[in-house]
Amino acid sequence: MDDFAYMRQAMELAEQAAALGEIPVGALVVQDATGEVLGRGYNRREVDHDPTAHAEVLAIRQAALAIGSWRLSGCTLYVTLEPCPMCCGTIINARVRRVVFGAYDSKAGSADSVINLFALPYNHKPAVTGGLLEDACKEQLQRFFSGLREK
């Protein structure tokens with residue numbers, strides 16, 4: 001599979017979040033060598049009453065359990081929205097090799113928009129690609145928030 005196919009899978013996960021009334025963000029962790037999806041996640045903050053239940057964190061936790069290690073150095077994280085500061089910290093600490101995100105986040109994006117935490121002198125710097133299927137990811141979020149405003 002290619003980056004676009006993985007991002008479409010992340011968008012499907014985001015739809016599951018929206019169905020629960022959560023902000024529609026989906027993420028998956030893929031092992032680069034095999035293309036196997038090791039972890040999947042979507043926002044569950046409201047459902048789980050957990051401020052850390054972001055899509056990225058849940059996908060990373062699942063992937064780490066799947067390989068039996070907290071080091072995800074041979075993996076790519078696909079996420080529909082630019083990661084926030086907490087998620088960037090998790091990505092750095094998990095040693096994720098590469099991050100691919102969809103929509104930029106002008107309010108909390110910490111891989112480019114508000115700040116680029118990956119550019120700071122931490123011990124790990126993932127490769128980052130932003131804006132993959134950006135319009136579709138942005139539309140998914142806009143549709144969700146428009147529906148909230150109508151209620």
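Just the heavy atoms: all of them, side chains too, but no hydrogens, waters or symmetry mates, feed the values below.
- To the nearest 0.5 Å, atoms SG (Cys88) and CD1 (Ile115) are separated by 9.5 Å.
- Crowding of Phe145 atom CZ: a count of heavy atoms from other residues, nucleotides or ligands under 6.0 Å exceeding 12.
- Checked by atom type, the side-chain pair Asp32/Thr76 shows a donor-acceptor distance below 3.5 Å.
- The closest donor-acceptor contact from the side chain of His124 to the backbone of Val96 lies under 3.5 Å.
- Distance alone, capped at 3.5 Å, places no donor-acceptor pair between the Asn43 side chain and the His54 backbone.
- Looking only at side-chain heavy atoms (C-beta outward), Asp50 and Arg44 stay at 4.5 Å or farther from each other.
- Ser113 is listed as a side-chain neighbour of Glu82, based on a closest heavy-atom distance under 4.5 Å.
- Side-chain atoms of Gln31 do not come within 3.5 Å of backbone N or O of Gly74 as any donor-acceptor pair.
- A donor-acceptor contact shorter than 3.5 Å links the side chain of Gln62 to the backbone of Arg40.
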>> Assess the residue pair Val99 and Ile91 against the criterion (side-chain contact (heavy atoms from CB on, under 4.5 Å)); give the C-alpha distance rounded to whole Å, side-chain angles, the decisive distance to 0.1 Å, and a yes or no.
In response: CA-CA 8 Å; Val99 177; Ile91 290 162; 3.7 Å; yes

> Between Leu72 and Ile60, does a side-chain contact (heavy atoms from CB on, under 4.5 Å) hold up when you go through it step by step?
Replying inline: CA-CA 8 Å; Leu72 301 176; Ile60 287 169; 3.8 Å; yes

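- Contact check for Leu58 versus Tyr42: no side-chain heavy atoms found under the 4.5 Å cut-off.
- A salt bridge does not link Arg8 to Asp3: none of the charged nitrogens lies less than 4.0 Å from a carboxylate oxygen.
- With a 4.5 Å cut-off on side-chain heavy atoms, Met7 and Cys137 count as touching.
- Electrostatic pairing of Arg143 and Glu139 counts as a salt bridge here, judged by a charged N lying under 4.0 Å from a carboxylate O.
- Paired with Tyr78 under the rule side chain to side chain contact (heavy atoms under 4.5 Å, CB included), one option of Arg98, Met11, Gln9 passes, and it is Arg98.
- Side-chain contact between Met86 and Glu56: absent, with no pair of heavy atoms (C-beta onward) separated by less than 4.5 Å.
- Rounding to the nearest 0.5 angstrom, the gap separating the OG1 atom in Thr80 from the NZ atom in Lys138 is 13.5 Å.
- In this structure, Cys75 and Leu38 have side chains that are in contact, with non-hydrogen atoms separated by less than 4.5 Å.
- Here the side chains of Arg61 and Thr52 are in contact, with some heavy-atom distance below 4.5 Å.
- In this structure the side chain of Pro85 reaches within 4.5 angstrom of the side chain of Leu117, judged on heavy atoms.
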> Checking side-chain contact (heavy atoms from CB on, under 4.5 Å) for the pair Asp112/Tyr104: CA distance, chi angles, key distance, verdict?
Replying inline: CA-CA 8 Å; Asp112 187 37; Tyr104 286 83; 3.3 Å; yes

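- A donor-acceptor pair under 3.5 Å is absent between the side-chain atoms of Asp105 and the main chain of Leu81, judged by distance alone.
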